Amino acid sequence: MKKAHTGKNKITEVSSPKGMRDLMNEEYYSFQGFFEKAQEVAVYYGFKPIETPMLEHQELIEGGVGAGTDIVDKEIYTLKTKGGDHLALRPEHTAPLMRAYVEHGMQTMPQPVMFYQYGPVFRHDKPQRGRYRQFWQFDLDCLGNDKSIMDALVIKASMSILEEAGATDLSVDINSIGDKECRGAYLKELTSYYRKNLSGLPAVDRERMKTNPLRILDSKEEKTIKLNEQAPDSISFLCAPCKKHFKEVLEYLEEMNIAYNINKNLVRGLSYYTRTVFEIIEQGGNEDGIPLALGGGGRYDYLARQIGSKKDVPAVGFSIGVDRIVAAPWYKKLSPRILKKPKIYFIQLGAEAKLKSLNIIEILRKAHVPIAQSLSKDSLGSQLSIAEKLSIPYAIIFGVKEALDNSVIVRDMSNRSQDTVKLSKLLEYLKELK
Ligand code: AMP
């Protein structure tokens, strides 16, 4: 690791913070290609773009995501500004989105209001393969409507995005955790079950009994996983409206031939969920063939009030984890639109030509002719060999004579035939090339 001197702290390592990385080269294009495709699908389904700030008030994140969640208990990055504000880097997009909805009075707009958003989120998680501290999520959300078809729409649009990205073997893990009418009775039953089995419950899950007992259901502790097999399930406790809502969501999935699996232990790590919760799983999995959760979401009808709104705003959304998708073996390598295969390799020879070469490149750019060049090189041989290596079909050779004549030589790299073409006729000439 290189060491560098900095003014204040003398020596520090030249490295990005742990769990955070530079996106560049192929990985950058993979992200950009994914985003373009995701955005295109989202727009077809009627979602509009929004981008919220990366920093929010700490209390919004804590109030929104909720106590007893891993994110709030261990994973948020917080800071105190010089002005004394307590801010947090967003660990997810949902609470900030609801804040924007309430702040801008979107209740008065025709409902639902549908948004897509994309950007980095930050969690002080333990970094490992496929798990970063800065990672990217693409979200779809419908706010202001409680109908089950909204849940189905979010699931369907998310599946379409994932399929366009190359996923072929998708299924939905789904559950309903009820609403304030029925969840109380369920939680009572659940905690009483854990209390009866307290001796088998690891310390971390005992702690959750006090803060967020639902979370025990998705515990990673082996003993708890065993205990959870017999735990009461939330679906049996649903009140009539919640039962109807869940049944309708499943009917929509069946109608669309979406494979689903009712997972009674699925509660998801965030405390704002009500009714439907779901994850989309790719069975083909990661490099080791282990099924991958590509994203998660659900309904969050009480989040608005949790962050200070006077009224509830029924809403449903889904977050896609982009880092895992672009790293998956089945990822289609969606190419961003701006990446064009070069048709021409531009070669310049001699000082007079070099002086004017950027003018010629600009003529080509304006006409949208994709080119490659290595302006820092001087010899014909080295420039031609790069053109050959990159298998670019044509070269433009611009030497001293051509610079004086306002012309260029266009060379067909496949048979080495070439023509001298006046600059004023160049675009016309290039159009005729195959
Ligand atoms: P969550 O917001 O925790 O429901 O996560 C939604 C999706 O984001 C997950 O299914 C993952 O694909 C992805 N994800 C969550 N945490 C991380 C992380 N630390 N690094 C990379 N991707 C993540």
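All values below come from the heavy atoms of this structure, side chains included, with hydrogens, waters and symmetry mates left out. Start at 1 and go down the list; that is how both ligands and their atoms are numbered. What you see is a predicted model; the values in this text were computed from it and never measured. By convention here, the first residue in the shown sequence is residue 1.
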Testing the 3.5 Å rule here: is there a donor-acceptor pair between the side chains of [X] and [Y]?
X: Gln383; Y: Ser374; result: no
X: Ser385; Y: Ser382; result: no
X: Tyr118; Y: Glu51; result: no
X: Ser148; Y: Glu248; result: yes
X: Ser219; Y: Glu221; result: no

Check the orientation of [X] and [Y]. Use parallel for under 30°, tilted for 30 to 60°, and perpendicular for over 60°.
X: Phe35; Y: Tyr116; answer: tilted
X: Tyr300; Y: Tyr273; answer: perpendicular
X: Trp136; Y: Phe31; answer: perpendicular

Can you list the atoms of ligand 1 that are under 4.0 Å from a heavy atom of [X]?
X: Asp125; value: 19 (N)
X: Ala293; value: 10 (O), 12 (O)
X: Gly295; value: 7 (C), 10 (O)
X: Leu294; value: 10 (O), 12 (O)

Exercise: identify the closest heavy-atom pair between Ile61 and Ala88: CG1-CB, 4.0 Å

Nitrogen or oxygen atoms of Tyr132 and ligand 1 under 3.5 Å apart: yes

- request: Ignoring angles and geometry beyond distance, decide whether Ser319 reaches within less than 3.5 Å of ligand 1 through its nitrogen or oxygen atoms.
  value: no

Measuring from non-hydrogen atoms of [X] to any atom of ligand 1, is the shortest distance under 4.0 Å?
X: Pro127; value: no
X: Arg268; value: yes
X: Glu92; value: no

Please state which protein non-hydrogen atom is closest to [atom] and give its distance, to 0.1 Å?
atom: atom 3 (O) of ligand 1; result: Arg123 NH1, 2.8 Å
atom: atom 15 (C) of ligand 1; result: Phe135 CE1, 3.6 Å
atom: atom 5 (O) of ligand 1; result: Gln137 NE2, 3.4 Å
atom: atom 21 (C) of ligand 1; result: Gly130 O, 3.3 Å
atom: atom 13 (C) of ligand 1; result: Gly321 CA, 3.6 Å

message: Residue-level breakdown please: for Arg324 versus ligand 1, do any non-hydrogen atoms fall below 4.0 Å on the side chain, on the backbone, on both, or on neither?
response: side chain

field: More than 12 heavy atoms from other groups under 6.0 Å of NZ on Lys377
entry: no

